[in-house]
Undergrad: 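Let me give you the structure first, and then I'll get to my questions.
From a predicted model like this one, the values you see are computed outputs, not experimental measurements.
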Amino acid sequence: MHSNSKQLWRDVQVFDGQALLDEAMTVRVDDGRVVGMWPSRAFTEADAQGAVEAGQGGVMTPGLVDCHTHLVYAGDRAGEFEQRLEGVSYAEIAKAGGGILSTVRATREASEEALLAASLPRLDALLADGVTTVEIKSGYGLTLSDELKMLRVARRLGELRPVRVTATLLGAHALPPEYAGRADDYVSLVCDEMIPAAAGEGLADAVDVFCEGIGFSPAQCERIYQAAQAHGLAIKAHAEQLSNLGGSALAARYGALSADHIEYLDEAGVRAMAEAGTVAVLLPGAFHVLRETQLPPIDLLRQYQVPMAVASDANPGTSPICMPSLMANLACTLFRLTPREALAGMTAHAARALGLPELGRIAVGAAADLCLWDIQHPAELAYAVQSGRLRQRIFNGVITHAL
């Protein structure tokens with residue numbers, strides 16, 4: 001890491017989290033915050049007083065915010081990936097003990113140290129691609145002790161690396177086999193034990209649910225939302241991924257930060273999200289890996305001015321991808337976002353999806369979580385899938401990565 005309390009970047013093209021500024025800028029950071037931004041033509045040496053030269057040229061963006069990941073897990077599902085391509089159905093794989101339950105089994109068997117060791121390389125891959133804030137969900141433990149174990153690992157990841165980690169309890173990710181036929185009893189476990197323990201130990205910032213026919217019903221999700229609210233935790237939802245159960249509208253009624261996936265979202269759901277200020281989180285990685293064909297309602301989201309975030313959904317089953325910049329490309333090619341929308345979706349809107357609207361932007365007074373890229377225009381980040389373009393990653397004013 002390279003640390004200096006007062007730094008200067010000259011002649012950079014600035015994407016501020018919403019748009020590219022009209023001209024080359026000079027940016028000053030003091031003590032971890034942006035304290036000055038000037039058009040380079042109007043910058044005077046008096047403004048540089050006491051600052052060291054940290055960089056020149058290129059494109060500066062906010063540090064990327066990956067607002068939906070499942071980074072903490074054990075094992076892998078490469079064998080199942082191969083089986084599916086050889087013609088074995090997902091149902092057959094699941095019946096043989098595969099699918100999400102194979103990850104649950106491996107995660108339950110793993111110690112906290114083993115989970116940490118398995119998760120660190122995935123986190124490092126995100127950081128090398130410009131991520132400065134990441135959300136990490138539990139959901140592969142499905143017992144009180146194993147869910148808390150995952151959340152502890154998420155918190156430790158944020159202590160071991162220069163990154164902001166928010167942790168989300170996703171106890172309602174799948175029904176564990178020991179609760180087969182007793183989904184309501186399992187929801188009681190989530191509400192009465194998991195949520196109070198995660199909140200009481202400060203291990204979770206939010207609670208998520210999988211509201212789907214193969215997950216949990218809207219009525220069950222509502223019970224979980226009420227428990228989350230009672231313990232002061234924010235609300236998120238996996239909703240409308242495979243069908244339209246009204247999960248996004250339900251989440252919006254409870255003031256959810258975001259509804260994620262949302263391929264089957266209808267206009268009523270979009271309107272409810274708009275009214276509640278709930279962010280739509282698009283996950284093109286899972287869409288790509290699952291070879292889905294139902295596109296999210298992008299035009300309706302634009303029409304109702306619902307903020308659209310873009311995230312990796314990094315997970316072992318449906319998006320084993322730890323390259324957020326690839327998501328910018330997929331959001332454009334698969335979902336028809338513009339490059340500007342995709343990049344705003346990975347900065348300002350993604351931060352809002354985590355309840356952190358002060359992040360994901362470049363403005364005087366904002367935290368100096370920044371990326372300097374070896375490109376000429378922000379659209380290049382979405383246009384080309386190419387590693388090695390990150391010249392500097394700046395976290396809280398400290399250069400943590402430099403080419």
Undergrad: Can you tell me if Ser319 uses its side chain to pair, donor with acceptor, with the backbone of Ser312 under 3.5 Å?
TA: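 Confirmed, Ser319 side chain pairs with Ser312 backbone.
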Undergrad: Within the structure provided, determine whether Met60 and Gln13 are in side-chain contact (heavy-atom separation under 4.5 Å).
TA: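 No, too far: nothing below the 4.5 Å cut-off.
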Undergrad: Answer yes or no: is there an ion pair linking Arg389 with Asp374, defined by an N-O contact shorter than 4.0 Å?
TA: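 Result for this pair is no, no salt bridge flagged.
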Undergrad: Is a donor on one side and an acceptor on the other found under 3.5 Å between the side chain of Ser188 and the backbone of Asp184?
TA: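 Between the backbone of Asp184 and the side chain of Ser188 there is a qualifying donor-acceptor contact (under 3.5 Å).
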Undergrad: Are any non-hydrogen side-chain atoms of Leu203 and Leu148 less than 4.5 angstrom apart?
TA: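 They are in side-chain contact.
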Undergrad: Hey, is CD on Glu53 packed in by over 12 heavy atoms from elsewhere, all under 6.0 Å?
TA: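 Atom CD in Glu53 is crowded, with more than 12 foreign heavy atoms closer than 6.0 Å.
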Undergrad: If you take all heavy atoms of Cys211 and Cys221, which pair is closest and at what distance?
TA: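 Here Cys211 and Cys221 meet closest at CB-SG, 3.6 Å.
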Undergrad: Out of curiosity, Ser5 OG to Arg33 CZ, how far, rounded to the nearest 0.5 Å?
TA: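 The OG atom of Ser5 sits 15.0 Å away from the CZ atom of Arg33.
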Undergrad: Is a side-chain N or O of Arg161 found less than 3.5 angstrom from the main chain of Arg156, in a donor-acceptor match?
TA: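 No; judged by distance alone, with no hydrogens or angles, the pair does not exist.
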Undergrad: I'd like to know if the side chain of Gln305 and the backbone of Arg302 have a donor-acceptor N/O pair within less than 3.5 Å.
TA: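 A pair under 3.5 Å: no.
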Undergrad: Quick one: are Phe287 and Leu282 in side-chain contact, heavy atoms under 4.5 Å?
TA: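 Counting from C-beta outward, Phe287 and Leu282 never come under 4.5 Å.
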Undergrad: Given the ring of Tyr73, does Arg122 sit roughly above its face, with NZ or CZ under 6.0 Å from the centre of the six-membered ring and within 45° of the axis?
TA: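 Pair Arg122/Tyr73 counts as cation-pi.
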Undergrad: Check whether any side-chain N or O of Gln294 sits under 3.5 Å from a backbone N or O of Leu242 as a donor-acceptor pair, and report yes or no.
TA: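 Checked: no pair found.
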Undergrad: Keeping the roles fixed (side chain from Asp129, backbone from Ser325), state whether a donor-acceptor pair exists under 3.5 Å.
TA: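 The answer is yes, because a donor-acceptor pair under 3.5 Å joins these two groups.
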Undergrad: To the nearest 0.5 angstrom, please state how far the CG atom of Leu126 sits from the CG atom of Leu157.
TA: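 The CG atom of Leu126 sits 10.5 Å away from the CG atom of Leu157.
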Undergrad: Can you label the angle between the His261 ring and the His68 ring as parallel, tilted or perpendicular, going by 30° and 60°?
TA: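 Correct class here is perpendicular.
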Undergrad: Run Ser40 and Glu23 through side-chain hydrogen bond (donor to acceptor under 3.5 Å, both in side chains) and show every step you take.
TA: CA-CA 8 Å; Ser40 290; Glu23 55 187 309; over 6 Å; no
Undergrad: How long is the span from the CG atom in Leu85 to the CD atom in Glu82, to the nearest 0.5 Å?
TA: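 Answer rounded to 0.5 Å: 8.0 Å.
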Undergrad: Side chains of Lys6 and Asp31: closer than 4.5 Å at any heavy-atom pair?
TA: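 They are in contact (side-chain heavy atoms under 4.5 Å apart), so the answer is yes.
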Undergrad: Looking at Val165, Leu127, Leu354, which hits side-chain contact (heavy atoms from CB on, under 4.5 Å) with Val134?
TA: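 Option passing the side-chain contact (heavy atoms from CB on, under 4.5 Å) with Val134: Val165.
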Undergrad: Evaluate the side-chain contact (heavy atoms from CB on, under 4.5 Å) criterion for residues His377 and Leu20: first the C-alpha distance (whole Å), next the side-chain angles of each, then the deciding distance (0.1 Å), finally the verdict.
TA: CA-CA 9 Å; His377 192 280; Leu20 178 65; 3.7 Å; yes
Undergrad: Within the distance-only criterion (no hydrogens, no angle test), does the side chain of His349 pair as donor or acceptor with the backbone N or O of Ala309 below 3.5 angstrom?
TA: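 No.
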Undergrad: Let's go through Glu380 and Trp373 carefully: what are the C-alpha distance in whole Å and the side-chain angles of both, what is the deciding distance for side-chain contact (heavy atoms from CB on, under 4.5 Å) to 0.1 Å, and is it a yes or a no?
TA: CA-CA 10 Å; Glu380 293 177 50; Trp373 306 89; over 6 Å; no
Undergrad: Can you spot which of Val153, Ile136, Leu120 makes a side-chain contact (heavy atoms from CB on, under 4.5 Å) with Leu71?
TA: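 Result for side-chain contact (heavy atoms from CB on, under 4.5 Å) with Leu71: Ile136.
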Undergrad: Please evaluate residues Leu170 and Met150 with respect to the criterion side-chain contact (heavy atoms from CB on, under 4.5 Å), reporting the C-alpha separation (whole Å), side-chain torsions for both, the decisive distance (0.1 Å), and the verdict.
TA: CA-CA 10 Å; Leu170 180 56; Met150 292 184 69; over 6 Å; no
Undergrad: For Ala183, does its backbone N or O pair with a side-chain atom of Asp185 as donor and acceptor, under 3.5 Å?
TA: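 Checked: no pair found.
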Undergrad: Give the intermediate values and the outcome of side-chain hydrogen bond (donor to acceptor under 3.5 Å, both in side chains) for residues Asp66 and Thr69.
TA: CA-CA 7 Å; Asp66 197 346; Thr69 83; 5.7 Å; no
Undergrad: If you take all heavy atoms of Leu151 and Ala204, which pair is closest and at what distance?
TA: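 Scanning both residues completely, I find the closest heavy atoms to be CD1-CB, 4.3 Å.
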Undergrad: Answer whether the closest heavy-atom distance between the side chains of Arg28 and Val34 falls below 4.5 Å.
TA: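 The answer is no, as the side chains (C-beta and beyond) never meet within the 4.5 Å cut-off.
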Undergrad: Met25 versus Trp9: any side-chain heavy-atom pair under 4.5 Å?
TA: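 A side-chain contact is absent here, since even the closest heavy-atom pair is not under 4.5 Å.
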Undergrad: What's the spacing between Leu283 CG and Leu330 CG if we round to 0.5 Å?
TA: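 Answer rounded to 0.5 Å: 11.5 Å.
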Undergrad: Should Leu301 and Val270 count as side-chain neighbours, where that means a heavy-atom distance under 4.5 Å?
TA: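 Yes, at least one pair of side-chain atoms sits under 4.5 Å.
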Undergrad: Looking at His70, Lys236, Lys137, Glu135, which hits side chain to side chain donor-acceptor pair (under 3.5 Å) with Thr168?
TA: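 For Thr168, the side chain to side chain donor-acceptor pair (under 3.5 Å) check succeeds only for Glu135.
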Undergrad: More than 12 foreign heavy atoms under 6.0 Å from CD of Glu86: is that the case here?
TA: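 It does: Glu86 CD has more than 12 such atoms within range.
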Undergrad: Is there a donor-acceptor pair under 3.5 Å between the side chain of Gln56 and the backbone N or O of Arg10?
TA: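 Checking the backbone N and O of Arg10 against the side chain of Gln56, no donor-acceptor pair under 3.5 Å is found.
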Undergrad: How close do Ala274 and Tyr304 get, heavy atom to heavy atom, and via which atoms?
TA: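 Reported closest heavy-atom pair: CB-O, 3.6 Å.
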Undergrad: Just by distance, do the side chain of Ser258 and the backbone of Val279 share a donor-acceptor pair under 3.5 Å?
TA: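 Flag not set: sc Ser258 to bb Val279 has no pair under 3.5 Å.
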Undergrad: Does a side-chain heavy-atom distance below 4.5 Å link Ile195 with Val207?
TA: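 Yes, close enough: below the 4.5 Å cut-off.
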Undergrad: From Leu334 CG over to Thr293 OG1, what is the distance, rounded to the nearest 0.5 angstrom?
TA: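 Between atom CG of Leu334 and atom OG1 of Thr293 there are 12.0 Å.
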Undergrad: Is it true that Glu109 and Lys149 make a salt bridge, defined as a side-chain N closer than 4.0 Å to a carboxylate O?
TA: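 A salt bridge is absent here (no side-chain N lies under 4.0 Å from a carboxylate O).
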Undergrad: Pick one: which of Arg164, Arg393, Arg361 meets side chain to side chain donor-acceptor pair (under 3.5 Å) with Asp369?
TA: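 Exactly one option meets the side chain to side chain donor-acceptor pair (under 3.5 Å) with Asp369, and it is Arg164.
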Undergrad: How about Tyr383: does its OH atom have over 12 heavy atoms from other parts shown lying under 6.0 Å from it?
TA: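 Counting neighbours around OH of Tyr383, 12 or fewer heavy atoms of other residues, nucleotides or ligands fall under 6.0 Å, so no.
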Undergrad: Say whether Gln226 and Tyr254, considering side chains only, have a donor N or O and an acceptor N or O under 3.5 Å apart.
TA: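 Yes, because at least one side-chain N or O of Gln226 sits under 3.5 Å from a partner of the opposite role on Tyr254.
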Undergrad: Using the rule given for side-chain contact (heavy atoms from CB on, under 4.5 Å), can you reason through Ile394 versus Cys371, listing the C-alpha separation, both sets of side-chain angles and the distance that settles it, and then say yes or no?
TA: CA-CA 6 Å; Ile394 300 104; Cys371 288; over 6 Å; no
Undergrad: Any idea which heavy atoms bring Leu257 and Ala234 closest together, and the distance?
TA: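 Smallest interatomic distance, heavy atoms only, reads CD1-CB, 3.6 Å.
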Undergrad: Which heavy atom of Ser119 sits nearest to which heavy atom of Val72, and what is that distance?
TA: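 Minimum heavy-atom separation between Ser119 and Val72: OG-CA, 3.3 Å.
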Undergrad: Less than 3.5 Å apart, any donor N or O on the side chain of Gln220 or Tyr186 sitting next to an acceptor on the other?
TA: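 Distance-only check fails for Gln220 and Tyr186.
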Undergrad: Tyr140 vs Glu147, test: side-chain hydrogen bond (donor to acceptor under 3.5 Å, both in side chains). Steps then yes/no.
TA: CA-CA 7 Å; Tyr140 294 122; Glu147 288 293 295; over 6 Å; no
Undergrad: What's the spacing between Leu356 CG and Cys67 SG if we round to 0.5 Å?
TA: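 These two atoms lie 10.5 Å from each other.
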Undergrad: Identify the heavy atoms of Pro177 and Leu101 that sit nearest to each other, and give their distance.
TA: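 Residues Pro177 and Leu101, closest heavy atoms: CD-CD2, 3.8 Å.
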